[in-house]
Participant: 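Dropping a structure here in structure tokens format, bear with me for questions.
Quick note: numbers below take in every heavy atom, side chains included, and nothing from hydrogens, waters or symmetry partners.
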Amino acid sequence: MKKVLSILTLMLVSLASFAQDNAAGEPEMADKLYADGRIYAVVAVVVTIFLGVVIYLVTLDKKISKIEKTLNSK
């Protein structure tokens with residue numbers, strides 16, 4: 001579980017640094033998407049993908065932990 005938390009922390013830190021880099025020169029594409037109201041669809045897709053990756057990592061961590069426990073008990 002510690003591995004998952006460290007990966008999530010790394011992803012959030014890198015996302016925050018990426019957002020700071022682009023804050024000064026906001027691209028015109030974001031303005032166009034925001035004006036059309038499509039930015040919410042883009043955000044929804046990104047959040048869905050991010051949540052899918054997080055859920056996958058958590059389930060994978062649980063499976064690996066279960067396998068490690070069975071191997072260590074033998």
Participant: In chain order, what residues pass the side chain to side chain contact (heavy atoms under 4.5 Å, CB included) check against V45, with sequence neighbours excluded?
Facilitator: I49
Participant: Can you tell me how far the CG atom of L60 sits from the CD1 atom of I55, to the nearest 0.5 Å?
Facilitator: 13.5 Å
Participant: Look at the side chain of N72 and the backbone N and O of E68, then say whether any donor-acceptor pair between them is shorter than 3.5 Å.
Facilitator: yes
Participant: Determine the sole option in V54, V53, T59 for which the side-chain contact (heavy atoms from CB on, under 4.5 Å) test with L57 is passed.
Facilitator: V53
